[in-house]
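Structure record follows, encoded as structure tokens.
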Amino acid sequence: PQPDLQRHFERTIERDQRIEPRDWLPEGYRKTMIRMIAQHAHSEIIGMQPEGNWITRAPSLRRKAILLAKVQDEAGHGLYLYSAAETLGADRAELTEKLISGKQKYSSIFNYPTLTFADVGVIGWLVDGAAICNQVPLCRSSYGPYARAMIRICKEESFHQRQGYELLLTMMRGTPRQRDMVQESVDRWWWPSLMMFGPPDAESPHTEQSMAWKIKRHTNDELRQRFVDMTVPQAEMLGVSLPDPDLKWNAKRGHYDFGEIDWSEFKQVVSGNGPCNAQRVAHRRAAHTDGAWVREAAAAYAAKRAGRSAA
Ligand code: FAQ
């Protein structure tokens, strides 16, 4: 590149200003941003499935309406994020192709099954809670379209998190069986939620460069610790225990200590061998195939309208 373009990019980052689509940017930055935004978009779209599983079986009309709205928000986040990826020159159809052929990742968390309705509450509380913890700093990410997308998405995620916590509070005020359902669900989701933050810093290939480019503002371990510190008091309020015997307050550090994460499980899930990976991707692929006629009709309609306005 011309030295002045490179310098402009570096100074923009140094001054904490935003990189915009019209700006020159290094190829590595573009690739990293496309990878991260695409994985995030795919996560939102695949993330509709675990909760979508309960829409037809929600225990009341009110819970059904709430859940429908939440899952619909996730679709919106996915589409919004694909648009952000397009500002970097990515092609949406290609990104979808990479998702359904298993070439691009999405968050490990969505490869776990939702076995009871309590899972809907726990996903809201823990999964959306972890997502917020990770995404609030991304509102200050150096890539403008992504940072701005995060502002709106975080607002909606906060609402989702409240929704989950309120559902769980209601169940905890219910029968002993309902309380057991909540506890059993927390026991299954706790460790996978901690894995959402990614590998430990020492094994995270992208963190250093992404921090230097101010794409990421905190490391994976920093955010994981923040999540644990924020969640333990919420668990106490709720009256559930977290399934970690090593979890305890460390006054010296001013943080909660917690046990070792099973990184072999994480690796298995990320490499496609989690409990639901095959099912999630197959479902998305089927939806894509079944929806081909809608895309074709929309494209034909757009072409016809373009022709009419040109005439
Ligand atoms: N699952 O070097 P790092 C949501 C991959 S929230 C799968 O640390 P990086 C809301 C990573 O991609 C979930 N793969 O990478 C919702 C990389 O692979 P690659 C989505 C993971 O990028 C709630 C490799 O491991 N949120 O959807 C995971 O610096 C409820 C090495 O890792 C975002 O995407 C994982 N957990 O840091 C929806 C937020 N962790 O590409 C529905 C934006 C790591 O080299 C219902 N993304 N990997 O093959 C980020 O903040 C970052 O990308 C991290 C990973 C922190 C996820």
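Both counts, for ligands and for their atoms, begin at 1 and track the order of listing. Throughout, numbering of the chain's residues begins at 1 and tracks the sequence. Computed from a predicted structure; not experimentally measured.
- The side-chain heavy atoms of Thr219 and Ser204, taken from C-beta on, include no pair separated by under 4.5 Å.
- Every atom of ligand 1 with a heavy atom of Gln135 under 4.0 Å away is listed here by number and element: 6 (S), 26 (N).
- With hydrogens and angles disregarded, no donor-acceptor distance shorter than 3.5 Å links the side chain of Arg18 to the backbone of Ser142.
- The existence of a salt bridge linking Asp229 and Arg226 is excluded, since no basic side-chain nitrogen approaches an acidic carboxylate oxygen closer than 4.0 Å.
- Just one residue in the list Glu156, Met150, Lys155 forms a side-chain contact (heavy atoms from CB on, under 4.5 Å) with Arg152, and that residue is Glu156.
- Within the structure, the closest approach of Ser210 to ligand 1 does not fall below 4.0 Å when heavy atoms are considered.
- Side-chain N/O atoms of Gln225 and Asp221 include no donor and acceptor closer than 3.5 Å.
- Residue Phe197 approaches ligand 1 through these ligand atoms, each under 4.0 Å from one of its heavy atoms: 56 (C).
- Annotation: the span from Arg285 atom CZ to Thr96 atom OG1 amounts to 13.0 Å, rounded to 0.5 Å.
- Considering backbone and side-chain atoms alike, Glu157 places every N or O at 3.5 Å or more from each N or O of ligand 1.
- Looking at ligand 1, you won't find any N or O of Glu51 less than 3.5 Å from one of its N or O atoms.
- Below 4.0 Å from some heavy atom of Ser43 lie the following atoms of ligand 1, by number and element: 13 (C), 20 (C), 27 (O).
- A distance of 9.0 Å separates CG of Asn53 from CG of Leu115, quoted to the nearest 0.5 Å.
- Ranking the protein heavy atoms by distance from atom 40 (N) of ligand 1 puts Gly198 CA, 3.2 Å first.
- Proximity of a side-chain donor or acceptor of Tyr29 to a complementary backbone N or O of Tyr143 within less than 3.5 Å is detected.
- For the pair Arg188 and Tyr112, the NZ or CZ position fails the cation-pi test of under 6.0 Å to the six-membered ring centre and within 45 degrees of the ring normal.
- Of all protein heavy atoms, the one closest to atom 35 (C) of ligand 1 is Ser108 OG, 3.6 Å.
- Between Phe227 and Phe197, the angle of the ring planes lies from 30° to 60°, which puts this pair in the tilted group.
- Taking all heavy atoms of Gln39, Glu74, Lys70 into account, the minimum distance to atom 42 (C) of ligand 1 is reached by Glu74.
- The option with the heavy atom closest to atom 17 (C) of ligand 1, from among His206, Met196, Gln104, is His206.
- Near Ser204, with a cut-off below 4.0 Å to any heavy atom, the atoms of ligand 1 are 2 (O), 3 (P), 8 (O).
- Of the protein's heavy atoms, Lys216 NZ, 3.4 Å lies nearest to atom 9 (P) of ligand 1.
- Here is the list of ligand 1 atoms found below 4.0 Å of a heavy atom in Tyr146: 43 (C).
- For ligand 1 and Met195, the ligand atoms under 4.0 Å from any heavy atom of the residue are 36 (N).
- Considering both main-chain and side-chain atoms, Ala131 never comes within under 3.5 Å of ligand 1 through any nitrogen or oxygen pair.
- Under the 3.5 Å distance criterion, with hydrogens and angles disregarded, no donor-acceptor pair is assigned to the side chains of Lys214 and Ser141.
- A side-chain N or O of Tyr82 and one of His42 form a donor-acceptor pair less than 3.5 Å apart.
- For atom 31 (C) of ligand 1, the closest heavy atom belonging to the protein is Pro205 CD, 3.7 Å.
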- Given the rule in the side-chain hydrogen bond (donor to acceptor under 3.5 Å, both in side chains) test, do Tyr146 and His40 qualify, once you have shown the distances and angles that lead to the verdict? CA-CA 10 Å; Tyr146 187 54; His40 192 169; 2.8 Å; yes

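- The protein non-hydrogen atom at the shortest distance from atom 33 (C) of ligand 1 is His40 CG, 3.6 Å.
- The protein non-hydrogen atom at the shortest distance from atom 23 (C) of ligand 1 is Asp128 OD1, 3.4 Å.
- Of the protein's non-hydrogen atoms, Lys105 NZ, 3.2 Å is the one closest to atom 18 (O) of ligand 1.
- Within a 4.0 Å radius of atom 44 (C) of ligand 1, the protein has at least one heavy atom.
- Every atom of ligand 1 with a heavy atom of Tyr106 under 4.0 Å away is listed here by number and element: 1 (N), 7 (C).
- Under 4.0 Å is where a charged nitrogen must lie from a carboxylate oxygen, and between Arg224 and Asp201 no such pair does.
- Judged as a ring-ring contact (aromatic ring centres under 6.0 Å, His included), not a single pair has a partner in residues 273-305 (not counting sequence neighbours).
- Of the protein's heavy atoms, Phe266 CZ, 4.1 Å lies nearest to atom 21 (C) of ligand 1.
- Of all the heavy atoms of Arg35, the ones lying under 4.0 Å from any atom of ligand 1 belong exclusively to the side chain.
- Counting heavy atoms under 4.0 Å from ligand 1, residue Asn220 touches it through the side chain alone.
- Only the side chain of Asn134 comes within 4.0 Å of ligand 1, judged by heavy-atom distances.
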